[in-house]
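Read through the structure below, which is laid out as structure tokens, and then see the notes.
Only this structure's heavy atoms are used, side chains among them; waters, hydrogens and symmetry mates stay out.
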Amino acid sequence: MKNALLKSLALSAAGIVATGSASAQDAVVYAGHVLAVPGEGYLTQQTITVKEGRIVSIQPGYKSGAKGVPVIDLKNAYVLPGLIDSHVHITGENGPDDRIKGFTDSAVDTAFDGAAFARTTLEAGFTTVQDVGGINDSVFGLRDAIARGAVTGPRMRAAGQSISVTGGHGDVNGYSSPVMKLFTGTNVCNGADDCRRAVRQQVKEGADVIKITATGGVLSNTSAGLEQQFTQDELVAIVEAAHAMGRQVTAHAHGKGGVNAALRAGVDSIEHGSYLDDESIALFMEHDATLVPTVLAGATVTGWTNEPWLPEASRKKAAIVGPLMLDMLSRAHAGGVNVAFGTDTGVSRHGENAREFALMVEAGFTPEEAIRSATVTASKHLEMAADIGTLEAGKYADLIAVTADPLKKITELESVDFVMKDGVVYKDLN
């Protein structure tokens with residue numbers, strides 16, 4: 001990945017692509033079809049005026065801009081708001097070398113890998129992401145470097161390390177005792193008071209949102225199951241501590257006992273939700289919580305059940321959980337659960353995030369509903385709706401374009417043709 005980053009930097013230096021420090025630009029965009037607010041249909045033949053990285057106006061017809069302001073011709077394209085992925089792991093990608101990289105790579109190595117993945121993600125049309133699990137220094141450092149323009153990538157909201165119980169998903173498992181003792185972090189907690197401490201420590205370290213592992217997980221090297229791992233009083237303590245410090249809580253949760261316990265404790269969202277049932281759906285509605293389904297991760301791990309590099313405990317769990325995800329999302333959608341687009345990319349390959357759309361449509365979403373989940377809904381979920389999620393005056397000039405109608409063929413979004421973030425073009429149609 002470091003070679004990919006060096007190649008990327010070399011191209012930038014040659015002027016072939018926008019650099020990480022590219023400043024916001026003024027522009028006039030002629031858009032043939034604009035899904036300005038997904039869920040409300042297309043506007044046609046519009047002029048989008050961009051100044052200092054934000055949208056000034058969207059007007060019918062093709063209007064002239066100020067003298068010297070470049071015109072971007074997307075008359076034959078379909079223009080959408082920049083996409084948002086609510087669940088990524090930007091600094092890594094699962095594969096055969098996962099376990100050894102934990103020993104050989106420093107936080108700096110991981111951050112550099114993340115920089116390469118961040119560019120790939122942006123060029124795939126995802127202008128904003130939420131990272132919900134990684135090394136604190138790597139993830140927070142990359143987030144901040146992107147924000148100040150030193151690195152090219154999507155804007156990020158980041159959780160850093162997941163809060164976990166001893167021996168749970170998110171702890172260090174499957175190594176010798178001395179190694180596990182050495183690598184156990186401040187994110188591991190036991191008992192309500194200790195869990196409050198872990199939350200406060202993550203906020204101190206720089207977390208924008210608190211991620212907890214409310215149940216076991218597929219890729220942790222342990223046979224501890226997929227059900228609830230925190231006690232109810234620990235869950236309540238986590239939510240209270242996080243909310244008191246102005247942070248939302250999102251819970252990795254597969255087993256329905258863990259899903260329902262987390263919702264009763266007041267978490268703001270559930271990642272995965274594999275075994276959710278009618279009671280879960282009622283709790284989602286009661287607590288106004290959001291589901292981030294990550295069906296792409298389920299499809300990905302289903303294909304790994306015979307991979308020798310995956311530990312046996314994980315292969316067994318992948319065979320169980322992966323096939324459940326599509327039906328889970330179908331039930332949640334039918335039940336009216338608020339769904340924000342999220343993929344768990346890092347399990348799947350970076351840059352392929354948009355494959356989740358076709359799976360959502362297979363689960364019963366219309367193409368426009370699926371796109372709305374990755375724009376309007378996700379922007380609210382990430383508490384950024386004032387700045388992103390729709391194409392409106394005053395918001396960041398984050399927009400993408402494809403040359404065929406994604407409402408007729410959602411897989412068009414798997415190959416985005418044009419990307420602008422903050423008024424800077426990172427991928428040009430021409």
* Can you say whether the rings of W309 and W304 are parallel (under 30°), tilted (30 to 60°) or perpendicular (over 60°)? ->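 Rings of W309 and W304: perpendicular, as their planes differ by over 60°.
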
Show which side-chain atoms of residues 290-301 pair as donor or acceptor with protein atoms under 3.5 Å away, not counting sequence neighbours.
{"residue": "T290", "atom": "OG1", "partner": "N338", "partner atom": "ND2", "Å": "2.9"}
{"residue": "T294", "atom": "OG1", "partner": "H272", "partner atom": "ND1", "Å": "2.7"}
{"residue": "T300", "atom": "OG1", "partner": "L296", "partner atom": "O", "Å": "2.8"}

Short side-chain to backbone donor-acceptor contact, [X] and [Y], under 3.5 Å:
X: K395; Y: A385; answer: yes
X: R331; Y: L276; answer: yes
X: Q202; Y: A159; answer: yes
X: S330; Y: D327; answer: no
X: E412; Y: T403; answer: no
X: S138; Y: A107; answer: yes
X: K211; Y: T250; answer: no

* Applying ring pair (Phe, Tyr, Trp, His ring centres under 6.0 Å), which residue pairs with at least one partner in residues 352-391 are found, sequence neighbours left out? ->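 Sorted pair list: H333-F365, F341-F357.
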
* Between Q161 and N136, is any pair of side-chain heavy atoms under 4.5 Å apart? -> yes

* Asked: How far apart are the closest heavy atoms of L429 and L74, and which atoms are they?
  -> CD2-CD2, 3.5 Å

* To do: Give the minimum heavy-atom separation between T104 and D109, together with the two atoms involved.
  =>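 Closest approach of T104 to D109: O-OD2, 4.0 Å.
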
Between the side chains of [X] and [Y], does any donor sit under 3.5 Å from an acceptor?
X: S162; Y: S164; value: no
X: E392; Y: T390; value: yes
X: N190; Y: D194; value: no
X: T231; Y: E234; value: yes
X: D113; Y: T110; value: no

* Asked: Can you check side-chain contact (heavy atoms from CB on, under 4.5 Å) on N306 and R315, steps first, answer last?
  -> CA-CA 7 Å; N306 293 315; R315 291 200 302 269; 5.9 Å; no

* **Among D398, D387, L382, L122, the one residue meeting side-chain contact (heavy atoms from CB on, under 4.5 Å) with R155** =>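 The single option meeting the side-chain contact (heavy atoms from CB on, under 4.5 Å) with R155 is D398.
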
* Which is it for H89 and D131 under the side chain to side chain donor-acceptor pair (under 3.5 Å) test, yes or no, and what are the steps along the way? -> CA-CA 5 Å; H89 301 280; D131 190 288; 4.7 Å; no

* Test side-chain hydrogen bond (donor to acceptor under 3.5 Å, both in side chains) applied to D208 and R247, R157, Q130, R143, the passing residue -> R143

* Any chance you could lay out the side chain to side chain donor-acceptor pair (under 3.5 Å) test for H254 and S274, step after step, and finish with the verdict? => CA-CA 5 Å; H254 288 293; S274 308; 2.6 Å; yes

